[in-house]
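Predicted model, so just to flag it, every value in this text is computed and none were measured. When a residue number appears, it is its place in the shown sequence, counting from 1. Every number for a ligand or one of its atoms is a count from 1 in the order of the listing.
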Amino acid sequence: MRRFIDLHTHSNASDGALAPAQVVQRADEEKLAALALTDHDTTAGLAAAQAAAEQLDELSFVPGVEVSARSEVGSMHLLGYGFELGHPALEGLLEQLRVSRQRRNPRMVQRLQELGVDLTMDDVRQVAAERGGGELISRLHIAEAIRRAGHASSTQQAFERYVGKGAAAYVEKDYRPPSEVIDALHAAGGLAVLAHPVHLDYRNRRHLETILRDLMDAGLDGIEVYHSDHPPEHVRIYLSLARRLGLAITGGSDFHGPTKPNVTVGRPRTPLAAVGKRLADRLGLDRS
Ligand code: AMP
Ligand code: MN
Ligand code: MN
Ligand code: MN
């Protein structure tokens, strides 16, 4: 019986490096009980991943998406799970977010040019195309193009110097409020989970609790407790908050492929048993 799951991964449908079926393959090699593919602002990889997972007896596949949102406390990512594929409420929202990316990307490239980084949108699109990707371009593609142009030694350094939040070439996207994202996920029959709370701008534990309560008022269903950026003491804090507030518990690697070389599918370990019965039932996961 397989005991671990990974509910947060990216494919080349967004800014991951592997095709959806290859991510599924990795999850099976890691002997996971369940995998969710959660590309940024797109569901384009889900059909291929689902088809690949259907060939495998011991791996459950959960359709997912990672949606950008913004409230008074700043930007955040919401993970959606178990929604109906192609539902117009969700697809309409995701399309808006993708259009906003298409407006933003050339502005970031222009800023880079003004900063002396010799780069075009074609160079950025080339990075995505080489990975077999689709239309979606994220800052990770831009960071890789900066590295290739010789202006950073790693994508990490490209974020620090140019495209990280607050850096010289950073441009905001148009975000929707979390309530709107949660409503769209619910309308499509899905659940909404706060991704990697460690990246939220909260001042202390009390402040985080207030933010979570506000999100719960907007319909939030769960919190990502296990994540590759969460040190053990954070995991403990998020676990106890989840239990006290009655939020469902999830976890995942945030795998992207070689562009984030320290992150592999299935790590850190998220026990299937950590996911509550209600969520497991909703996602069709067998905890017995
Ligand atoms: P975007 O959605 O276009 O703003 O791009 C955000 C993506 O860039 C995230 O999903 C990560 O994959 C990546 N990213 C953000 N910050 C960093 C960082 N400091 N180092 C490496 N990758 C990052
Ligand atoms: Mn990403
Ligand atoms: Mn994220
Ligand atoms: Mn992610």
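The Mn ion (ligand 4) has His8 NE2, His10 NE2, Glu66 OE1, Asp254 OD1 as its protein N, O or S neighbours under 2.8 Å.
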Quick one, Thr9 with Asp6, criterion side chain to side chain donor-acceptor pair (under 3.5 Å). Give me CA distance, side-chain angles, the key distance, then yes/no. CA-CA 7 Å; Thr9 63; Asp6 188 338; 5.5 Å; no

Starting from the C-alpha separation in whole Å, work towards a yes-or-no answer on salt bridge (charged side-chain N to carboxylate O under 4.0 Å, His left out) for Glu95 and Arg98. CA-CA 5 Å; Glu95 175 61 19; Arg98 292 193 296 266; 2.9 Å; yes

Glu66 vs His77, side chain to side chain donor-acceptor pair (under 3.5 Å): CA-CA, chis, key distance, verdict: CA-CA 6 Å; Glu66 182 172 19; His77 286 170; 2.9 Å; yes

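A donor-acceptor pair shorter than 3.5 Å can be found between the side chains of Asp123 and Thr120. For the residue pair Tyr162/Glu160, the side-chain donor-acceptor check at 3.5 Å is not satisfied.
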Could you list the donor-acceptor pairs under 3.5 angstrom formed by side chains in residues 228-237, with sequence neighbours left out?
| residue | atom | partner | partner atom | Å |
| --- | --- | --- | --- | --- |
| Ser228 | OG | Ser253 | O | 2.5 |
| Asp229 | OD2 | His199 | NE2 | 2.6 |
| His230 | ND1 | Val225 | O | 2.8 |

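For Arg267, the salt bridge (Lys or Arg N to Asp or Glu O under 4.0 Å) partners at least two apart in sequence or on another chain are Glu30.
Between Asp41 and Arg101 a salt bridge is recorded (basic side-chain N to carboxylate O distance below 4.0 Å).
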Please tabulate, one line per pair, the protein N or O atoms found under 3.5 Å from any N or O atom of ligand 1, giving the distance to one decimal.
| residue | atom | partner | partner atom | Å |
| --- | --- | --- | --- | --- |
| ligand 1 | 2 (O) | Arg101 | NH1 | 3.4 |
| ligand 1 | 2 (O) | Arg101 | NH2 | 2.9 |
| ligand 1 | 2 (O) | Lys173 | NZ | 2.9 |
| ligand 1 | 3 (O) | Arg101 | NH1 | 2.9 |
| ligand 1 | 3 (O) | Arg104 | NH1 | 2.9 |
| ligand 1 | 3 (O) | Arg139 | N | 2.9 |
| ligand 1 | 4 (O) | Arg104 | NH1 | 3.3 |
| ligand 1 | 4 (O) | Arg104 | NH2 | 3.1 |
| ligand 1 | 4 (O) | Arg139 | NE | 2.7 |
| ligand 1 | 4 (O) | Arg139 | NH2 | 3.2 |
| ligand 1 | 5 (O) | Arg139 | N | 3.4 |
| ligand 1 | 10 (O) | His40 | NE2 | 2.8 |
| ligand 1 | 12 (O) | Asp15 | OD2 | 3.2 |
| ligand 1 | 12 (O) | His256 | NE2 | 3.1 |
| ligand 1 | 12 (O) | Lys260 | NZ | 3.0 |
| ligand 1 | 20 (N) | Gln156 | OE1 | 2.9 |

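For the atom pair CD (Gln50) and CD (Gln55), the distance works out to 11.5 Å, reported to the nearest 0.5 Å.
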